[in-house]
Every structure is written in structure tokens, then in C-alpha cells.
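Since the structure comes first, as C-alpha cells, the remarks are kept for the end.
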Amino acid sequence: MLNKAMSNDPSQLVQLDAGNAAAESPAHSVVEKKALFGLDAEQLKELMAGLGEPAWRGRQLAQAVYHQRVADVEAITTLAKSLRRRLAEAGWEVGRARIAQVFRSIDGTERYLVECGGALTVETVWMPEGDGGEAGDGSDSGNLQGRDAEPLGAPPFPRSSAERMGSHKSQPESARNAIAVAEKGGQNWSRATICVSSQVGCAVNCQFCLTAKLGLQRNLTAGEIAGQVVSVLDRQGVEVGRDRVNLVFMGMGEPFLNYSSFMGAVRLLVSEVGLSPQRMTVSTSGIVPGIERFAEEPAEMRPKLAISLNAPNDEVREQIMPINRKWNIEAVMDAVRQVKLRPRERVTFEYVLLGGVTDRPEHAHQVARLARRTGLPVKVNLIAWNPGPGILYAMPAAGSVEAFRATLAGEGIATYVRRPRGRDIFAACGQLKRTVER
Ligand code: SAH
Ligand code: SF4
């Protein structure tokens, strides 16, 4: 049942050197190491105050860590050498999550193993041009004419090399390097999506998902979640405010079972890194208390919401997502209705098409009815199931994805098909698991 195009043999994966694997020096000092990355502006101010420094030095720290993306306290040149030394002596290091390994797909997708302490790694995925999941939510370039026009206040997005050759002074070094590459025609994406993990493994146990096989190993901290993003922005030379980058919290784990860290990361990414929450989407398998908490978040800090519906009714959903026994579709929808949507915002229903199980024509009609019954502005993202070792489902038959889309669209439901990205490197939805095999 495995897709023939997909290699199961890890030796066939294109593994690239992340470039900094040898850079780590083990700490022999007795001083306990503490990470600056993960602290918000207020905490950085307090830290500086504790060292007898004025509060605005905290701002400089935030600038260095989140904008210049320094990886080392020594590189924070806005601080005097003596102050940098005092920070280091007190045990402070930047401590950002580090990309340890890179796998590059033939389609340009990159999958990263990101180290977060000890032997554990999580997976983060870079998808140049996205995977279609962003379509119809106002954040893709092909959608500007329709009713999902660009969110108000979004920055302009110049792409010509001449425009990109403007002043680079305030940009991180890697961004300047990337622009140099772009000027040579090397950077060939006009928008991109980063898929972020929120836990190592997952406890939810959806039957079709490879991450579920790991069980839950550990929650990530806010700094580790935001650190994945900043490390990828740095690697790709993204210039925040100009480049069009979407974030999806759809990697390993269930964000709403690690709620405080997930939202802590969002706050860092919005307030310190400068990303827009309207270009972020969090996906949940339907953790009702999490959705209810999410409904309380202020609009300026809240990502968009996606629900992994994945089935046309409770009966089928229970079989493939045991969590449905705790919170059924109606309970999930009741919680979703509490979220105050922004103008033109829609809730996404993710729908994995499992051959013979969730992809039949009558299922499409049921999903359309269900979507209408919610009374919510929704769009449906169809995902053809990505196979994984030891998971005994079938991919949807050729033509059934398009037939499903056409049926939903015919019933007036905005429906998009997500392109599988990076299947050859196990980077596609539900394939993120190889972490522990490092
Ligand atoms: N835990 C969250 C977010 C991570 S999973 C959630 O479940 O929503 C992100 C998306 O990938 C979910 O919509 C999930 O249904 C989908 N998915 C999981 N395994 C998949 C697979 N093997 N093929 C295709 N999509 C999959
Ligand atoms: Fe966890 Fe999401 Fe996979 Fe379900 S689909 S097991 S919630 S990661």
C-alpha cells in the first residue's frame, strides 16, 4: 500500500550538513546554563535590571536574539564586551533550538531535525510556495482578487531583485547572504510555509498518523517552538515584514495539549519576531478545553484555527480518531463557535482522505451538510493520506480526491486540495516521526 514514489530506505534520503554540527562546545562550567531565547521583552528587561543595567538594554537583547538572530552572546555587539562577559559568566547563552540535520526533497521542501536538549529532536518543515493549505485564507498570492483579499495592514511584498537590493543594513547577516543568492537567481520562492512542531511525539493516537506511533515523549517549551521558526527564518534568509511566510502549527504533536507553550511561542513570534498572527494557522484534533481557551485570546494575538475533522460523521471519526469518544463532532463545533472570527476569517476543516474509509462520494455530501450545519464560515482542505510504515490504510484512488473536491464545491463549500510536499523525505503531513531514529 506504500506509495511507489516514496522511498522507505533512509539511505536514499538526501541528507545535507546543517553546517554547524561541530560548533557546539560542551559546557564544563559549574554555572547552570540559561537560555535568553524564549524570554519575552519584559523578562529580558528584568534580567538586565538584575545586572544593574538600564531597562532599554533588555530591548537591545530582544533585538539581537529575535531580529538579528544571533546564535551566541559574543555576537551581541550592541552590548559592551564587559557586559557580554558578565552575561556569559552568569550562565546566559542564546540557547536557540538548533537545526541538527537537513533533508532536502526533490520538490524543494526541507525537513529539519531540530535539537531541543538531550538526544530528543523535533521536526520542522520548510515548504517554498506552500502546499495549498494557505489557499483561500487570504494569505496566498493567487487570492488577492477574491473576497479573501490581503489582510489589512499586510506589508507590501516586492520580489524583483532590484527591489531586494535596497538597504540591507538592518537585516540579519544570513538575510543579506540570502539576498546575495537571490540576486544571482538562487532564491526561487515568492512565498513559503513553515510547519512547526509543538510536542515530541503525540498522545492523541489517530490511527492514520505516523507521529502517533511515537506516543508523547515531551512537551516543547515556548522557546523551543519559536526557536524552530527563527532557526528556519535564519537558514532561509527570510526578511520579516517583506517576505511572505506562513506558519502552520501542524508538525508533530497536538498544540492544544501543550497550550501555554504554544501560545507563549505565538506571543514571542508576534511581539518579538514581528510575524503576523493572520499568517499563522494552528490545527487541533479537537481538544475542546483548548479551543475554549483559544476563543479567549485577543484577535491581535490569535492565529487562525483549523480543525482536523477527517471524517464525515462520528461513527467513522471514532474509528480513526479515538479522541472523538471524548469530544465528538458536535462538542468540537460548539467550542469552535465561541471563537470570535475576524472579518473574512474562516475556520479550516482538515480532511484526510483514506482510501475506502473517508473518500466515498456520500462522505463528501455528508461533509458539506455538516459544514453548513455548523453555521460557521468554513473552508475545507483535502489531504490525500500520506502512507507510512506499519499503518494499514490505503491512499485514495486516483480521481477520488478531485471528485470529492468537486462535490463539496458543487454544494457551495470552498474546498482546496493540499499538495503533498516532501514525501520522499518523510516531510508530508502525518509522516513526521523519524526523530528518535537519529
Ligand atoms: N495534531 C494536530 C496538528 C498536527 S497533524 C492535528 O491533528 O490537527 C496536522 C494534519 O495532518 C492534521 O490535519 C492531520 O489530520 C493530518 N495528518 C496526520 N497524518 C496524516 C497522514 N498520514 N496523511 C495525511 N495527513 C495526515
Ligand atoms: Fe497527534 Fe495530530 Fe497525529 Fe492525531 S493527527 S496523532 S493529533 S499529530
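Read the numbers this way: they start at 1 and go in the same order the structure lists the ligands and their atoms. Source: prediction; values computed, not measured.
Side chain of N258 to main chain of S198: a donor-acceptor pair is present (N/O by atom type, distance under 3.5 Å, no hydrogens or angles). Side-chain atoms of E254 come within 3.5 Å of backbone N or O of S285 as a donor-acceptor pair. In this structure, the side chain of T109 does not engage the main chain of S105 through any donor-acceptor pair within 3.5 Å. Proximity of a side-chain donor or acceptor of Q228 to a complementary backbone N or O of S197 within less than 3.5 Å is detected.
With no hydrogens or angles considered, a side-chain donor-acceptor pair links R96 and S231 at under 3.5 Å.
Near T284, meaning under 4.0 Å from one of its heavy atoms, ligand 1 places the atoms 6 (C), 8 (O). Ligand 1 places these atoms under 4.0 Å from at least one heavy atom of N310: 15 (O). Numbered from 1 in the order shown, with element, the atoms of ligand 1 that lie under 4.0 Å from a heavy atom of W385 read 21 (C), 22 (N), 23 (N), 24 (C). Ligand-side atoms of ligand 1 in range of I383: 24 (C), 25 (N), range being under 4.0 angstrom from any heavy atom. Which parts of ligand 2 touch S285 is read off a 4.0 Å heavy-atom cut-off, strictly below it: atoms 7 (S). Below 4.0 Å from some heavy atom of E254 lie the following atoms of ligand 1, by number and element: 1 (N), 2 (C). If you number the atoms of ligand 1 from 1 as listed, the ones under 4.0 Å from a heavy atom of G251 come out as 4 (C). Close contacts of ligand 2 with C202, meaning ligand atoms under 4.0 Å from a residue heavy atom, involve 1 (Fe), 6 (S), 7 (S), 8 (S). Near A212, meaning under 4.0 Å from any of its heavy atoms, are these atoms of ligand 2: 6 (S).
A cation-pi arrangement is found for K379 relative to Y416, the charged atom lying closer than 6.0 Å to the ring centre and inside a 45° cone about the ring normal.
When non-hydrogen atoms are compared, ligand 1 lies under 4.0 Å from the side chain of E350 (C-beta onward) but not from its backbone. When heavy-atom distances to ligand 1 are checked against a 4.0 Å cut-off, N386 comes that close through both its backbone and its side chain. With a heavy-atom cut-off of 4.0 Å, C206 touches ligand 2 through backbone and side chain alike.
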In residues 405-412, what donor-acceptor pairs under 3.5 Å come from side-chain atoms, sequence neighbours left out?
residue	atom	partner	partner atom	Å
R405	NE	E402	OE1	3.0
R405	NH2	E402	OE2	2.9
T407	OG1	A403	O	2.9
E411	OE1	R372	NH1	3.0
E411	OE1	R372	NH2	3.0
E411	OE2	H365	ND1	2.5

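Using a 4.0 Å cut-off between charged nitrogen and carboxylate oxygen, E362 and R369 do not count as a salt-bridge pair.
Geometrically, ligand 1 and F208 share a nitrogen or oxygen pair separated by less than 3.5 Å.
In this structure E345 satisfies the salt bridge (Lys or Arg N to Asp or Glu O under 4.0 Å) test together with R302, R342, sequence neighbours excluded.
Looking at S283, G253, S285 and measuring to atom 1 (N) of ligand 1, the nearest heavy atom belongs to G253.
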